[in-house]
Protein chains: 2
Amino acid sequence: MFKALSNKTRLNILQWLKEPEKHFPKQGAHLPKEVSYKGGVCVGDIQEKAEASQSTVSHYLNMMQKAGLLESVRYGQWTYYRRNEEAIHQFTEFLKTEI
Amino acid sequence: MFKALSNKTRLNILQWLKEPEKHFPKQGAHLPKEVSYKGGVCVGDIQEKAEASQSTVSHYLNMMQKAGLLESVRYGQWTYYRRNEEAIHQFTEFLKTEI
DNA sequence: ATTATATATCGGCTTTATTCGATATGTCAA
DNA sequence: TTGACATATCGAATAAAGCCGATATATAAT
């Protein structure tokens with residue numbers, strides 16, 4: 001997780017996903033709001049905001065998921081990424097006591 | 001700080017320095033106990049525990065200091081490194097609210 | 001002064017991360 | 001079933017991190 005967070009873009013993504021409505025206002029074109037915000041934000045929207053190439057962002061999201069920071073759901077042709085709050089909480093708990 | 005912590009050895013060092021008496025029991029040969037533990041642990045002792053070369057450990061300690069995790073004091077020919085508790089606390093506070 | 005010890009810095013090699021464009025895969029719509 | 005779109009994966013080039021031995025510097029002891 002430290003490795004995953006030791007990159008500005010990836011840290012930004014994690015923070016953006018804390019408030020998806022705020023940082024991805026035009027999100028939700030493909031799906032009803034309730035569903036899409038709950039399910040996370042799709043790769044394309046994150047890519048646009050991150051201003052990196054599609055492959056880079058896809059790679060980042062994948063590694064953040066492997067690190068446990070994110071989880072993903074697929075709705076049709078879109079993959080929605082959202083925070084893995086439980087794992088993040090465990091991480092911050094670890095930090096509180098062990099760091 | 002994420003970068004500095006995204007390495008097992010450096011994370012270990014930070015944790016060891018939380019309880020120097022426990023992890024560096026034979027430390028304090030050169031100086032009275034009160035002084036040396038307060039002042040931190042010398043590079044040689046950290047190096048021995050970390051099982052990396054002298055230059056690597058010196059480099060690690062220097063980068064951890066630059067990141068704000070550690071601070072150092074020089075007593076004669078020894079450099080003592082200890083945790084920068086204030087900066088670490090600020091960091092964990094940031095994590096609590098922003099991550 | 002010379003020598004020994006502790007730490008820092010330098011140079012260089014190896015490994016890993018970053019990042020992209022191109023291509024593959026998977027899904028939807030016509 | 002073909003074409004369009006979203007995402008994932010591949011391959012490769014460049015940058016950064018990891019790491020060490022050798023050397024420099026600073027201090028202490030003789």
Side-chain angles (χ1 to χ4, degrees), chain A residues 1-14 16-17 20 24 26-32 35-36 39-67 69-82, chain B residues 1-14 16-17 20 24 26-32 35-36 39-67 69-82:
Chain A
M1 285 198 180
F2 281 124
K3 275 233 165 70
L5 291 172
S6 68
N7 171 286
K8 190 67 162 63
T9 303
R10 290 193 298 263
L11 181 57
N12 281 338
I13 290 173
L14 193 70
W16 292 335
L17 291 176
F24 305 94
K26 66 192 198 70
Q27 138 87 11
H30 352 90
L31 286 172
V35 177
S36 63
V41 180
C42 73
V43 179
D45 289 354
I46 298 173
Q47 186 213 330
E48 192 177 329
K49 178 119 182 143
E51 289 178 317
S53 77
Q54 190 270 324
S55 59
T56 296
V57 172
S58 179
H59 181 214
Y60 280 1
L61 294 171
N62 181 51
M63 71 196 289
M64 289 173 79
Q65 179 168 33
K66 275 186 184 147
L69 293 168
L70 302 182
E71 54 194 7
S72 66
V73 202
R74 182 129 194 174
Y75 285 104
Q77 54 195 137
W78 291 277
T79 305
Y80 288 78
Y81 281 91
R82 66 181 169 210
Chain B
M1 284 197 181
F2 281 124
K3 275 233 165 71
L5 291 172
S6 69
N7 170 287
K8 189 68 163 63
T9 302
R10 290 194 297 263
L11 181 57
N12 281 337
I13 290 173
L14 194 71
W16 293 335
L17 290 178
F24 304 95
K26 67 192 196 71
Q27 138 88 11
H30 354 91
L31 286 172
V35 177
S36 63
V41 179
C42 73
V43 179
D45 288 354
I46 298 173
Q47 185 212 332
E48 191 178 329
K49 179 120 181 140
E51 288 177 318
S53 80
Q54 190 270 323
S55 60
T56 297
V57 172
S58 177
H59 180 215
Y60 279 1
L61 293 170
N62 181 51
M63 71 196 289
M64 289 173 79
Q65 177 167 33
K66 274 186 185 149
L69 293 167
L70 301 182
E71 53 194 7
S72 66
V73 202
R74 181 129 196 175
Y75 285 106
Q77 58 195 136
W78 291 276
T79 306
Y80 288 79
Y81 281 91
R82 66 181 169 210

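Lettering of chains follows the sequences in order, A, B, ..., and the numbering in each one begins at 1. For the numbers below, each heavy atom of this structure counts, side chains included, while hydrogens, waters and symmetry mates do not.
The separation between B/Tyr75 atom OH and D/dA28 atom P is 13 Å, rounded to whole Å. Atom OH of B/Tyr80 and atom C1' of D/dT27 are 13 Å apart (whole Å). Spacing between atom OH of B/Tyr60 and atom C1' of D/dA16 amounts to 13 Å, rounded to whole angstrom units. Residue A/Lys3 contributes atom NZ, which lies 10 Å from atom C1' of C/dA17 at whole-angstrom precision. One can place CZ of B/Phe2 at 19 Å from C1' of D/dA16, the figure rounded to the nearest angstrom. The interatomic distance linking B/Met63 (CE) with C/dA8 (C1') rounds to 15 Å, in whole Å. Distance CE (A/Met64) to P (C/dT18): 12 Å, rounded to an integer number of Å. In this structure, A/Leu11 atom CG and C/dT18 atom P are separated by 13 Å, rounded to whole Å.
Looking at B/Arg74, its side chain does come within 3.5 Å of a backbone N or O of B/Gly76 through a donor-acceptor pair. Listed for the B/Ser58 side chain is no donor-acceptor partner under 3.5 Å among the backbone atoms of B/Ser55.
Checking A/Thr56 against A/Ser53 by side-chain atom types alone, a donor-acceptor pair falls below 3.5 Å.
Comparing D/dT9, D/dC19, D/dA22 against the side chain of B/His59 picks out D/dC19 as the nearest. Distance from the side chain of A/Ser55 is smallest to D/dT9 among D/dT9, D/dC19, D/dT7. Residue A/Trp78 places its side chain closer to D/dT7 than to any other of D/dT7, D/dC5, D/dA28. In this structure, of D/dT7, D/dG21, C/dA8, it is D/dT7 that holds the atom nearest to the side chain of A/Cys42. Nearest nucleotide to the side chain of A/Arg74, out of C/dT7, D/dC5, D/dT7: D/dT7. Relative to the side chain of B/Ser58, the nucleotides C/dA8, D/dT7, C/dC20 differ in distance, and C/dA8 lies closest.
Between B/Trp16 and B/Phe24, the ring planes lie perpendicular to each other; the angle is over 60°, past the 30° to 60° tilted range.
Nucleic acid contact class of A/Thr79 (heavy atoms, under 4.0 Å, all strands): sugar-phosphate only. Across all strands, A/Asn7 comes closer than 4.0 Å only to sugar-phosphate atoms, never to a base (heavy-atom distances).
Residues B/Val41 and B/Arg82 have side chains not in contact (no heavy-atom distance under 4.5 Å, counting atoms from C-beta outward).
Residue B/Thr56 has no polar side-chain atom (N or O) positioned under 4.0 Å from OP1 or OP2 of D/dC19.
When each of A/Ser53 and A/Gln77 is assigned the nucleotide of DNA chain C with its nearest heavy atom, A/Ser53 is the one assigned upstream, toward the 5' end. Both A/Gln54 and B/Gln54 lie near DNA chain D, and the one whose nearest nucleotide falls closer to the 5' end is A/Gln54.
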